[in-house]
Number of protein chains: 2
Amino acid sequence: MFELNQLEQLLAFAEYGTLSAAAEHLHLSQPALSRSMRRLEMDLSVPLFDHAKNKIALNENGELAVKYAEQIVREAKEMKESLVAHERARHTIFLGSCAPAPLWTLLPNLSALYPDMTITSEIRGLDTLQEKLLDKTYQLIALPYPIEEPGFASQEIGEEHLYFTLPSAHPLAEKKSLHLADLNGETMLLRPNLGFWTDIVKKAMPDTSFLTQDENAFDELVRFSVLPTFATDLALQRYNPPEGRVIVPIEDEAVNIHYYCCYRKNTLSKLTKLLQAKGKSKN
Amino acid sequence: MFELNQLEQLLAFAEYGTLSAAAEHLHLSQPALSRSMRRLEMDLSVPLFDHAKNKIALNENGELAVKYAEQIVREAKEMKESLVAHERARHTIFLGSCAPAPLWTLLPNLSALYPDMTITSEIRGLDTLQEKLLDKTYQLIALPYPIEEPGFASQEIGEEHLYFTLPSAHPLAEKKSLHLADLNGETMLLRPNLGFWTDIVKKAMPDTSFLTQDENAFDELVRFSVLPTFATDLALQRYNPPEGRVIVPIEDEAVNIHYYCCYRKNTLSKLTKLLQAKGKSKN
DNA sequence: ATTTTTTACGAAAAGCGTAACAATA
DNA sequence: TATTGTTACGCTTTTCGTAAAAAAT
């Protein structure tokens, strides 16, 4: 039988027109390529070239052979790429979340539980998350509600609550609590990549314009700004509380979020234990 | 890059389940196959097997690789078969005829004109002939009428006329000429593979039952039979006239056949000369 | 005990490069 | 004369088979 090697060489010849040119691009001596093509003719038991003394060209068979070779070589490359991708996927847990907070606990726990796996995560919209869990892009997603798909498990992994952080001089800074609507219309600062939190507050404060600032410069900006911004209880545990700001709870029921971790029941067997542990430790 | 060789070996392993069994069917030592599969894993930079001490089995990647390998190997075989077929076709003139007589002149002339080509011929129905000329199965066909397809040439190559051969004792044996209908209802003997002649006489003599006899035993049978049979002027030139038989011309216009040779104008360049020569020599 | 896979080692085969040759433009 | 393809020859690399070892049924 002939070999893929020879088909690639045939394609190189078809592309470059002469054995010398093709051999150079193949990093091969020209006599070697000449012999290899003769072998291909033998292996196929069909002449592929018109061999003149000083010129060689594809004949009718050769042209046909090139067509086949293109297809076969393409599929061979596809095979390798696909296998490499598949192998990578076998060693990767791809985690989607609706918000940053679930990742703070899930990522380190997953790393500890599956030390050989690469953990990749991203924050996406609720529809995207569910869709890509079903099509197996994600092995695991964090949602603000449980899903009911058969064959999937949903387990609560914690809750998060939203607060305003107001400058001390703000007119409402002394209130014990507020509604989102109370600040509707005021310009506010937002961290980027807050996931579905952004949707919630934009919906409840349609007249507010939100300024989004780079994550790294955000704290700096807040310190020297008089604009109100948000915080959550989980974020306040994780990061330093903003200086010179008053934290005011928000009473809207929509900002009391319970997170659920959703995944296929027959995958990630160690995950069940992780999630049961999750119910207790919320740091 | 990996090689087709290795893919075939992978398929053999997938089929036979163990390296030993696969190696035997591949006419290869088992250690060689073991190493070859390890090389395949290296070449693909992906593990394909679960290597246990004493057992080796395809893993998830391997199963996927087998699927790809099946396709690629199938196409590789297809490539070879297709090329061999194409090569054969390049050296073959496939000739279809509606009757035996045109072949008697066309075959030797084609052989002389194209000494490097294999000449293959068969007798088929008129519709089949035209259809397979158009789809390039035939390079050349002989029909009892010219065709009008654009791009095709039709040239008359001779004529043939049908006769009855009657036993001397036959009631009609002394007639100077007859019509087909005159013997309608009588049982007759027929050579096999007469092409469209069979259709002509069956149509004009619907009440006659025709007995077809093997070509080699036919002359023998005729000699000892009192059944009428047919001959043509061309057949009488070619073969010995039947003993003890009277040759009676048939007057039906339908049995005076002019043969036409039909072929693509841009192929068989030498053929034009042949056909012009054909008009003169009719042996 | 037999079967199966892997490792080790020497031999066979295949493939490559350099050089030389032939032919062409 | 420079370029192209084929042939010849020696060398390297690859691949193979046998033998031996390790492990499992």
Side-chain angles (χ1 to χ4, degrees), chain A residues 1-63 65-66 69 72-73 76 80, chain B residues 1-63 65-66 69 72-73 76 80:
Chain A
M1 180 66 90
F2 58 97
E3 292 298 344
L4 285 176
N5 200 6
Q6 297 169 290
L7 297 189
E8 291 182 310
Q9 294 171 351
L10 176 68
L11 293 182
F13 174 79
E15 181 173 2
Y16 296 109
T18 70
L19 287 182
S20 329
E24 185 172 350
H25 283 88
L26 290 166
H27 305 290
L28 195 70
S29 76
Q30 185 271 339
L33 181 58
S34 175
R35 268 172 293 149
S36 187
M37 291 298 90
R38 287 223 178 250
R39 256 200 311 280
L40 181 57
E41 289 182 298
M42 277 198 40
D43 293 340
L44 290 168
S45 48
V46 155
L48 302 175
F49 304 93
D50 291 328
H51 296 269
K53 295 287 180 182
N54 194 27
K55 184 154 29 178
I56 186 174
L58 291 168
N59 66 14
E60 207 176 317
N61 295 326
E63 300 284 0
V66 167
I72 292 174
V73 168
K80 170 153 185 178
Chain B
M1 180 65 92
F2 57 96
E3 293 297 345
L4 285 176
N5 200 7
Q6 297 169 289
L7 297 190
E8 290 182 310
Q9 293 171 352
L10 176 67
L11 293 182
F13 173 77
E15 181 173 3
Y16 296 110
T18 71
L19 288 179
S20 330
E24 186 173 349
H25 286 273
L26 290 166
H27 305 291
L28 195 69
S29 77
Q30 185 272 339
L33 181 58
S34 175
R35 268 172 299 162
S36 187
M37 291 297 91
R38 287 222 178 251
R39 257 201 310 281
L40 181 57
E41 290 181 297
M42 278 198 40
D43 293 341
L44 290 168
S45 49
V46 155
L48 302 175
F49 304 92
D50 291 325
H51 295 270
K53 295 288 180 184
N54 193 27
K55 184 156 24 178
I56 187 175
L58 291 168
N59 66 14
E60 207 176 315
N61 294 326
E63 300 285 359
V66 167
I72 293 174
V73 168
K80 170 152 185 179

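The chains referred to below are lettered A, B, ... by the order of the sequence lines, with proteins before strands, and numbering in each begins at 1.
Between A:L40 atom CG and A:F13 atom CZ the span is 12.0 Å, to the nearest 0.5 Å.
Within the 4.5 Å cutoff, the side chain of A:L28 has heavy atoms near those of the A:Q9 side chain.
Atom CD of A:E24 is surrounded by 12 or fewer heavy atoms from other residues, nucleotides or ligands within 6.0 Å.
The nearest whole Å value for the distance from the NZ atom in A:K55 to the C1' atom in C:dT24 is 9 Å. Straight-line distance from the CZ atom of B:F13 to the P atom of C:dT4: 11 Å, rounded to whole Å. Remark: C1' of D:dT6 and CD of A:E41 are 13 Å apart, rounded to the nearest angstrom. Spacing between atom CG of B:N54 and atom P of D:dA24 amounts to 7 Å, rounded to whole angstrom units. Protein atom CG of A:D50 is 13 Å distant from nucleotide atom P of D:dG5, rounded to whole Å.
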Would A:M1 and B:N5 satisfy side chain to side chain contact (heavy atoms under 4.5 Å, CB included), going step by step from the backbone distance to the final call? CA-CA 7 Å; A:M1 180 66 90; B:N5 200 7; over 6 Å; no
Please lay out, stage by stage, how B:Q30 and B:L33 fare under the test side chain to side chain contact (heavy atoms under 4.5 Å, CB included). CA-CA 5 Å; B:Q30 185 272 339; B:L33 181 58; 5.7 Å; no
Worked check of side chain to side chain contact (heavy atoms under 4.5 Å, CB included) between B:N59 and B:F49: CA-CA 5 Å; B:N59 66 14; B:F49 304 92; 5.8 Å; no
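The shortest distance between the side-chain N/O atoms of A:R39 and the OP1/OP2 oxygens of C:dC16 is below 4.0 Å. The side chain of A:H51 contributes no N or O atom lying less than 4.0 Å from OP1 or OP2 of D:dG5.
Proximity of a side-chain donor or acceptor of A:K80 to a complementary backbone N or O of B:S45 within less than 3.5 Å is not detected. Between the side chain of A:Q6 and the backbone N or O of A:E3 there is at least one donor-acceptor pair closer than 3.5 Å.
DNA chain C is contacted by A:L28, A:S29, A:P31, A:A32, A:R35 of residues 18-36 of chain A, taking any non-hydrogen atom closer than 4.0 Å. Taken residue by residue, residues 1-11 of chain B places no heavy atom nearer than 4.0 Å to DNA chain C.
Ring pair A:H25/A:Y16 is parallel by interplanar angle, where below 30° counts as parallel and above 60° as perpendicular.
Each of C:dT4, D:dT6, C:dT7 was ranked by its minimum atom distance to the side chain of B:R38; first place goes to C:dT7.
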